[in-house]
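So the structure is just underneath, and the comments pick up after that.
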Amino acid sequence: MSKAVWTFVSPQKADPNVDPVQEEFFDQEDIRSNADALVRESIQNSLDARAGSAPVRVRFTFAPSERGIMPGVRDWYLAGFLDHLRAAVDSPANLPDLDKPIPFLLIEDFGTRGLGGDPGQTHDVVMGHTSESKDPHAFYYFWRNIGRGNKAGSDRGRWGLGKIVFPAASRCRCFFGLTIRATDQRCMLMGQAVLKTHQLVPGGLRFNPYAYFGIRDADNFTMPVEDAPSLQAFRKHFALARGGEPGLSIVIPHPAQDITVADIRMSVLHHYFWPILAGDLIVEVGDGVSSSTLNASTLGQVVKTHDPSIHGLVELARWALDPATKPIDLLLPNAHPKWERESVDVAALQSLIAQYNQMRPIAVRVPVTVRKSTSTAVDANSYFDVFLERLEGSVEPEQAFVRHGMTVSGVTSIRQGGVRGIVNIQDEPLAEFLGDAENVAHTKWEERTKRFKGHYDKGPLLLRFVKGSLKGLVSLLTEAPEEELVDALREFFFTNVSSVDGAKSGQGGKGKAARAGPPALPGDIPAKTPRGFTLSQVAGGFSILGRADAPLPTALEFEVAYARRKNPFGAYSPMDFDLTGEGFVVTVSNARVQYPSPNRVRVIPSALDFSVRVAGFDINRDIIVRERKAKDLEGDVGEQVEDDDQ
């Protein structure tokens, strides 16, 4: 049999030095640790490779150093590699202790297809599915590509970068993978390392960051190990549970120090509670001596013991998944997707309000239409479900957005306390739409991703509608009585208060405050407090001008909404407008402008004669502008517009 070796290849003379940076894509605030990234990506890959209707089973097994890879066995798998590792690290302090038995983490999935396709494939072929395998090129895309993938549709992954978490989770910067394929029961073993461009000796040959473990041919191309004795030895050395079942087993030598049994279990609870409760996923986490199993029956108790903070969300998800829970259709047929009374079934809303005020959970099904931006595209009818419950007091809000079972942890909608909600997207057209909007780490939905921007008709509007669903539904359930709104609107700008009163008698159009004739231009309106600005209406927007007869303000902030019969600011949705989006023109002089949210503008003046002009609103609708109090001028800000005069 041929001996497996590590193969490092030297670049051509003209090739640049390139150090991989993909793992930095996972170093985000919404991914709390290496364990988070590892759990999210590995389970995501397993669920996408599901074979049949049986639950996918994933095992995370830690082998501490006392039961790790002994020095003699280590040389089977790391001979010829360690010199490259030492040469590539920035400092010897970053190296693990390689003279002692090497601890490792074993990740295995069952109930999956394994890595199908030709292991010798070196380039893309025409994509397509076969009856035997959903993805006939999985081996090629897993091992031979970085930053390139062929997942689509309802698949959770998109970017082809998920597997970078495996070497990133290793202090040795490498991993091994053994797969058995469902199509032909073929068993294959390979390894991969991701280091940096390096030299073994100063002035010597350069070596590329990427290296492979396997059978090297005359062209330095690595093929997987397939001889039975080597595969059996690998199973024994790393205590694989896999016998002949299809799937993938990953071995990570020297896992990072923040990857522990407790970290893995916590990450599974946070990111995959939905498919576990749905019976689609079973996860086992252990240290080779004892283990805990997370399934639909045990999850509640494990959450209570290890992370009570998400117990409420888990129980709401359990209620949502109960076959007896039937979501109510709230939006009217053919209505524009907006969270306002004119778009909803009033009788259904009143029933939901009663349930909500009785502290009972509610379930709402929201129909949407997805249309791609192609000449041959047709409307795809889809939907998502919202599950919501009111909590006692003003406790911190709890929320989760779930796409095909995976929690998209960086998406939030509500900030007010006393609310718990889950948005679940399972239907294929909308799941594909949102998958295309996800960032590399699958933690956020963004309008500017390369797979989303320009690919959907009115895509940003639909995306904002889904993202704002919890806030929009809460607003419908808690809107103030109309007579209170009229008094409140008297403090606001660009509202004909009498026309709001007139709305009660049926005057005006649908979706905005009624009025007789065109709105009057109010001209300069002095601030209610002695602040140094005037607020004026301009064509399609408003302007803020500094005053020479008042002190220079430190910072000003204004909130904008379209006029409605109900509270316009509570009813605002990003579907209405986004001040940072296309179509808005903001002209600034002697000031800086920031956007704390899509309908708020913050002005930081630098001179008394500062000015800010905002235009781009629908000229057929009245706008409301109010100044926010100084105590509210906290929180994050969005993109910033510098002084146009500078």
Side-chain angles (χ1 to χ4, degrees), residues 33-47 49 55-70 73-74 76-78 96 100-112 114-115 162-163 165-172 174-180 187 189-192 213 231-272 275-276 281-295 298-299 302 305-306:
S33 64
N34 282 323
D36 256 11
L38 185 63
V39 164
R40 285 178 62 83
E41 296 300 324
S42 57
I43 293 182
Q44 168 190 288
N45 289 340
S46 297
L47 288 173
V56 170
R57 294 181 293 118
V58 181
R59 295 179 69 243
F60 294 87
T61 306
F62 287 82
S65 57
E66 59 268 21
R67 295 193 303 277
I69 309 170
M70 301 302 291
V73 174
R74 176 197 65 194
W76 284 33
Y77 303 103
L78 297 179
K100 296 180 179 179
I102 297 178
F104 63 87
L105 168 61
L106 171 63
I107 307 173
E108 298 188 274
D109 64 28
F110 303 89
T112 59
L115 299 178
K163 58 183 173 290
V165 301
F166 298 130
S170 167
R171 298 184 67 195
C172 291
C174 68
F175 73 101
F176 302 91
L178 181 147
T179 187
I180 298 179
C187 183
L189 167 67
M190 277 186 67
Q192 187 181 78
F213 174 84
L231 297 175
Q232 186 58 35
F234 184 83
R235 285 189 175 97
K236 178 181 178 181
H237 292 150
F238 295 101
L240 268 61
R242 184 176 312 284
E245 308 95 332
L248 178 64
S249 298
I250 297 290
V251 171
I252 299 175
H254 259 303
Q257 293 175 331
D258 64 343
I259 299 178
T260 66
V261 169
D263 296 320
I264 293 290
R265 181 172 51 227
M266 184 78 72
S267 296
V268 172
L269 295 178
H270 275 260
H271 299 296
Y272 287 103
I276 292 175
L281 176 66
I282 298 172
V283 181
E284 181 182 337
V285 186
D287 59 7
V289 176
S290 62
S291 65
S292 58
T293 300
L294 309 180
N295 57 33
T298 64
L299 188 68
V302 174
T305 303
H306 297 284

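Please read these numbers as outputs of a predicted model, since none were measured by experiment. FYI, side chains are in, hydrogens and waters are out, and symmetry mates aren't considered; it's all heavy atoms of this structure.
What you find for Ile180 and Gly243 is that their closest heavy atoms are CD1-O, 3.3 Å. Contact between Pro64 and Pro103 at its shortest, heavy atoms only, is C-CB, 3.9 Å. Nearest heavy-atom pair, Leu231 versus Leu178, reported as atom, atom and distance to 0.1 Å: CD2-CD1, 4.1 Å. In terms of heavy-atom proximity, Gly247 sits nearest to Thr179 at O-OG1, 3.0 Å. Looking at every heavy atom in both residues, Arg171 comes nearest to Pro96 through O-CD, 3.8 Å. Closest of all the heavy-atom pairs between Cys174 and Pro253 is O-CD, 3.3 Å.
Side-chain contact between Phe110 and Arg59 is present, with at least one heavy-atom pair separated by less than 4.5 Å. Under the 4.5 Å side-chain criterion, counting only non-hydrogen atoms from C-beta, Tyr272 is not in contact with Leu294. Counting heavy atoms from C-beta on, the side chains of Val39 and Val283 never come closer than 4.5 Å. For the pair Leu299/Leu269, a side-chain contact is recorded, criterion being any heavy-atom separation below 4.5 Å from C-beta on. Side chains of Ile259 and Ile252 form no contact here, defined as non-hydrogen atoms less than 4.5 Å apart.
For the atom pair OG1 of Thr260 and CZ of Phe60, the computed distance is 12.5 Å after rounding to the nearest 0.5 Å. Taking NZ of Lys100 as the start and CZ of Arg74 as the end, the distance is 13.0 Å to the nearest 0.5 Å. Atom-to-atom distance recorded for His237:NE2 and Gln232:CD is 10.0 Å, nearest 0.5 angstrom. Residue Asn295 holds its CG atom at 12.0 Å from CZ of Arg57, rounded to the nearest 0.5 Å. Rounded to the nearest 0.5 Å, atoms NE2 (His271) and CD1 (Ile276) are 12.0 Å apart. Interatomic distance, Met190 CE to Phe213 CZ, rounded to the nearest 0.5 Å: 10.0 Å.
A donor-acceptor contact closer than 3.5 angstrom is absent between the side chains of Asn45 and Ser42.
In this structure, the side chain of Ser170 does not engage the main chain of Pro167 through any donor-acceptor pair within 3.5 Å. The backbone N or O of Met266 sits nowhere less than 3.5 Å from a side-chain atom of Asp263 that would complete a donor-acceptor pair. Between the side chain of Thr112 and the backbone N or O of Ala49 there is no donor-acceptor pair closer than 3.5 Å.
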**Prompt:** Would Val58 and Val268 count as a side chain to side chain contact (heavy atoms under 4.5 Å, CB included) if you check the C-alpha gap in whole Å, the side-chain angles of each, and the deciding distance to 0.1 Å?
**Reply:** CA-CA 11 Å; Val58 181; Val268 172; over 6 Å; no
**Asked** Would Arg242 and Asp109 satisfy side chain to side chain contact (heavy atoms under 4.5 Å, CB included), going step by step from the backbone distance to the final call?
**Response** CA-CA 9 Å; Arg242 184 176 312 284; Asp109 64 28; 3.8 Å; yes
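Residue pairs meeting the salt bridge (charged side-chain N to carboxylate O under 4.0 Å, His left out) criterion with at least one partner in residues 243-253, sequence neighbours excluded, do not occur; the list is empty.
Checked against ring-ring contact (aromatic ring centres under 6.0 Å, His included), Phe234 has the following partners two or more places apart in sequence or in another chain: Tyr77, Phe238.
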